[in-house]
Q: 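The structure's right below; bear with me while I get my questions together.
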Number of protein chains: 2
Amino acid sequence: MDQNITIEDVAKLAGVSRATAGRVVGGYGNTSEKSREKVLQAVKELNYRPNLVAQGLRGQSTKTIAVILGSIKNNYCNHLIYAVEKEAQKKGYNVIICNTHEDIRQEIRHLQNMYSRQVDGIVMMSACRTDEEIEEQYKELYSGETPIVFVDRKIKGLTSCVIQSNNELASYEATKYLLELGHQRIGILATEDYSTVNERIKGYKRALEENGIVFNPKNIQFAAQSEKNKVAEMTAKLLREKSQVTAIYVLNNSLCAGVLSELKRQKKNIPEDISLLVWDDEDLNELLEITTVVQPIEEIGKMAINKLIHDMRTKKGAEESTKEILDSHIIYRSSCKKVNS
Amino acid sequence: MDQNITIEDVAKLAGVSRATAGRVVGGYGNTSEKSREKVLQAVKELNYRPNLVAQGLRGQSTKTIAVILGSIKNNYCNHLIYAVEKEAQKKGYNVIICNTHEDIRQEIRHLQNMYSRQVDGIVMMSACRTDEEIEEQYKELYSGETPIVFVDRKIKGLTSCVIQSNNELASYEATKYLLELGHQRIGILATEDYSTVNERIKGYKRALEENGIVFNPKNIQFAAQSEKNKVAEMTAKLLREKSQVTAIYVLNNSLCAGVLSELKRQKKNIPEDISLLVWDDEDLNELLEITTVVQPIEEIGKMAINKLIHDMRTKKGAEESTKEILDSHIIYRSSCKKVNS
DNA sequence: CTGAAAGCGCTAACAT
DNA sequence: ATGTTAGCGCTTTCAG
């Protein structure tokens with residue numbers, strides 16, 4: 001496995017020049033059938049493999065795409081990376097992963113590092129909250145020459161390309177479904193303030209309003225995925241509030257385990273004692289028959305890569321904001337029960 | 001965000017030579033305090049970022065590590081990558097992920113590609129079964145100059161460095177635990193024939209033997225993670241066999257959902273009707289109180305990176321096989337019940 | 001302590 | 001159709 005065989009070695013053995021050998025191997029320019037054969041023979045004999053780093057330096061593409069997101073452990077991210085890697089692979093790109101642990105400082109470091117690496121494009125689920133703006137000095141990192149596709153969350157005050165599912169609408173429909181079952185007091189559990197979550201809350205509010213129900217801020221509680229105890233605590237709080245909820249609507253899959261654990265501790269049965277509706281599907285949801293809003297993650301990932309590759313070709317940086325919205329759908333299982341209110 | 005600022009631009013602005021600028025930026029060689037300041041000032045002013053691709057071509061390291069494994073969706077792999085990326089980051093490396101989908105052909109393509117990319121090292125969970133051997137022509141891919149650390153599974157007939165948990169022993173102990181509870185007929189569900197699985201089966205057999213129980217081959221069924229229906233079917237088969245099992249021992253977390261789903265369909269309660277013991281922990285296990293064998297994945301990942309970096313430094317390829325075994329432990333929950341046999 | 005120059009492996013413009 | 005050569009951005013001799 002000598003790693004040091006270069007195009008020069010191939011050329012020598014084949015008895016042609018570096019350029020010709022390169023043309024054959026790279027499949028560009030014109031070559032005679034005779035030299036083609038000789039070169040290919042030499043390639044095989046020497047087990048030559050082109051040096052992608054040199055290609056990357058010489059040419060304008062490193063055939064590398066970075067995925068920057070909170071944590072690969074998160075269910076949504078995990079599926080996203082899977083889809084992204086699959087599509088990237090198909091298109092001849094490799095994927096570098098960067099976990100930010102939802103820390104904007106780390107996100108910025110990763111971005112700088114990826115630019116140093118000359119990646120061709122970036123898929124990003126930013127750690128930036130809706131209320132935050134990127135500091136002025138770092139803004140250029142988020143809108144330079146290298147194309148970035150933002151998935152799921154968008155960033156305030158930035159020209160950018162976003163791909164996400166129809167959060168507002170799907171959330172509206174999910175809420176409407178609960179309302180139709182007679183639930184008037186629907187408690188929400190969500191991760192902290194990201195644009196995605198906000199849109200889902202918006203849809204929730206719209207459905208309430210349409211049904212003449214006054215929104216009660218106490219019915220929304222926040223917790224981060226990592227804070228398992230807090231998730232349980234907030235769940236308990238929802239159940240404890242005077243306006244006792246009859247349904248819990250979990251906006252992020254990552255919080256689901258914590259909610260279920262608290263429900264179990266309180267010996268609340270689903271759906272007899274409480275109804276449950278959750279965003280993002282996984283084995284657990286199917287097993288426990290939890291009604292779920294399913295986002296088309298596979299397609300989002302695929303589209304992200306294709307948009308990226310398109311932008312790379314057209315050399316268009318973030319000149320204009322674009323937004324692709326893909327449809328989510330609800331899988332109705334048995335975790336939501338009719339109540340008479 | 002001009003990407004095209006080079007060390008030359010910095011040098012010009014600072015009024016020194018490329019070499020001196022490089023020395024300051026790269027922190028090598030000697031420089032006077034005066035030029036140091038001038039260069040650093042220029043770096044800041046121009047927002048210079050070194051080109052890692054050029055460094056990679058010039059130097060001997062690309063600061064890149066590849067992780068090649070079945071699928072990031074698999075729970076074990078997912079946690080492994082997380083740990084690997086975290087440790088690699090800390091040590092100044094980035095991680096490229098490659099999913100083989102448990103297909104040896106894809107694995108080989110990935111390997112070739114990663115060598116083309118001049119990665120510094122590879123963490124690999126090979127798709128190679130125990131009964132298979134790597135074809136002669138590809139063997140060099142698995143034991144060349146670039147250090148590879150094999151995680152979890154090892155490959156037959158190859159000098160290699162393996163890191164894994166004590167599969168045999170932990171499985172022996174898990175089985176012994178079930179035996180002590182009175183279970184005589186313990187059904188196994190496992191993914192197909194990988195070295196890891198084999199070791200676990202070995203531990204299982206040893207425990208049976210020690211207790212004078214004759215091993216019944218029908219009590220072991222295989223299915224792949226992806227074949228959800230087959231998992232259910234095999235579970236049913238275990239329950240149906242004349243030698244009806246009183247406990248199911250699942251050797252791979254990825255099969256767990258399928259097993260649970262079948263148990264549910266058959267309205268078998270855990271642990272009243274059947275005991276359950278599973279490898280690898282996740283939220284689900286805690287929630288359903290499933291007794292679990294927990295592998296130290298975090299440490300395995302960390303150790304893999306450190307071994308890799310060590311091997312890179314010492315330039316030792318796979319000259320000798322090494323093996324690191326880390327301890328698993330069992331978390332006892334309530335999914336296993338005493339029976340009188 | 002600093003600068004000039006070579007070269008990592010590749011591709012592309014220019015000659016032949 | 002093929003060879004020669006320059007140069008991508010960096011590091012590292014080698015002189016001075």
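Note on naming: letters A, B, ... go to the chains in the order of the sequence lines (proteins, then strands), and numbering restarts at 1 for each one. Keep in mind the model is a prediction, meaning the values are calculated, not measured.
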Q: Is any NZ, NE, NH1 or NH2 atom of the basic residue among A/Glu87 and A/Lys91 found under 4.0 Å from an Asp or Glu carboxylate oxygen of the other?
A: yes

Q: Over how many whole Å does the gap from A/Ile5 atom CD1 to C/dC8 atom P extend?
A: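 Roughly 15 Å, once rounded to whole Å.
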
Q: Hey, which sits more toward the 5' end of DNA chain D by its nearest nucleotide, A/Arg18 or A/Thr31?
A: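 Nearest-nucleotide comparison on DNA chain D picks A/Thr31.
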
Q: Could you tell me whether B/Glu102 and B/Arg153 make a salt bridge, using a distance below 4.0 angstrom between a side-chain N and a carboxylate O?
A: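 Judged by the 4.0 Å cut-off on N to carboxylate O distance, B/Glu102 and B/Arg153 do form a salt bridge.
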
Q: Atom CG of B/Asp9 to atom C1' of D/dG9: distance rounded to whole Å?
A: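 Nearest whole value for this atom pair: 11 Å.
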
Q: Taking only the side-chain nitrogens and oxygens of B/Ser35, find out if one of them lies under 4.0 Å from OP1 or OP2 of C/dT2.
A: yes

Q: Please determine, for the side chain of B/Val16, which listed nucleotide (C/dG9, C/dG3, D/dT4) has the closest atom?
A: C/dG3

Q: Rounded to the Å, how far apart are B/Gln60 CD and D/dC10 P?
A: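 The answer, rounded to whole Å, is 16 Å.
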
Q: Looking at D/dC10, C/dG3, C/dC10, which one has an atom nearest to any side-chain atom of B/Ser17?
A: C/dG3

Q: With sugar-phosphate meaning primed atoms plus P, OP1 and OP2, does A/Asn51 contact a base, only sugar-phosphate, or nothing at under 4.0 Å between heavy atoms?
A: sugar-phosphate

Q: Going by an N to O cut-off under 4.0 Å, is there a salt bridge joining B/Glu135 and B/Arg105?
A: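 Yes, this pair counts.
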
Q: If you check the A/Tyr48 side chain, which of D/dG3, C/dA4, C/dC10 turns out closest?
A: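 Side chain of A/Tyr48 sits closest to C/dC10.
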
Q: Tell me: CG of A/Leu46 to C1' of C/dG9, nearest whole Å?
A: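 Whole-Å distance recorded here is 15 Å.
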
Q: Looking just at side-chain N and O atoms, do B/Thr64 and B/Asn94 make a donor-acceptor pair shorter than 3.5 Å?
A: no

Q: Do the two ring centres, one from B/Tyr82 and one from A/His101, sit under 6.0 Å apart?
A: yes

Q: Taking the minimum atom-to-atom distance to the side chain of A/Leu57, which one of C/dC10, D/dT12, D/dC8 wins?
A: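 Nucleotide nearest to A/Leu57's side chain: D/dC8.
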
Q: How many Å lie between CZ on A/Arg23 and P on C/dA12, as a whole number?
A: 10 Å

Q: Closest nucleotide of DNA chain C for B/Ala54 versus for A/Gly22: which of these residues is on the 5' side?
A: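 Looking at DNA chain C, the more 5' nearest nucleotide goes with B/Ala54.
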
Q: For D/dA1 and A/Ser32 - does any side-chain N or O of the residue sit under 4.0 Å from the phosphate oxygens OP1/OP2?
A: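 It does not, given that no N or O in the side chain of A/Ser32 lies less than 4.0 Å from OP1 or OP2 of D/dA1.
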
Q: Tell me the interatomic distance from A/Ile7, atom CD1, to D/dG3, atom P, rounded to whole angstroms.
A: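 Answer to the nearest Å: 12 Å.
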
Q: So if I take every side-chain heavy atom of B/Tyr28 and compare against D/dT12, C/dT2, D/dT2, which nucleotide ends up nearest?
A: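 The nucleotide sitting nearest to the side chain is D/dT12.
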
Q: Output the rounded distance in Å from CG (B/Asn30) to P (C/dG3).
A: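 In whole Å, C/dG3 P and B/Asn30 CG are 14 Å from each other.
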
Q: Indicate, with a heavy-atom threshold strictly under 4.0 Å, whether A/Val53 touches base, sugar-phosphate, or nothing.
A: nothing

Q: Rounded off to whole Å, could you give me the CD-to-P distance for the A/Gln118 and D/dG9 pair?
A: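 Whole-Å distance recorded here is 8 Å.
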
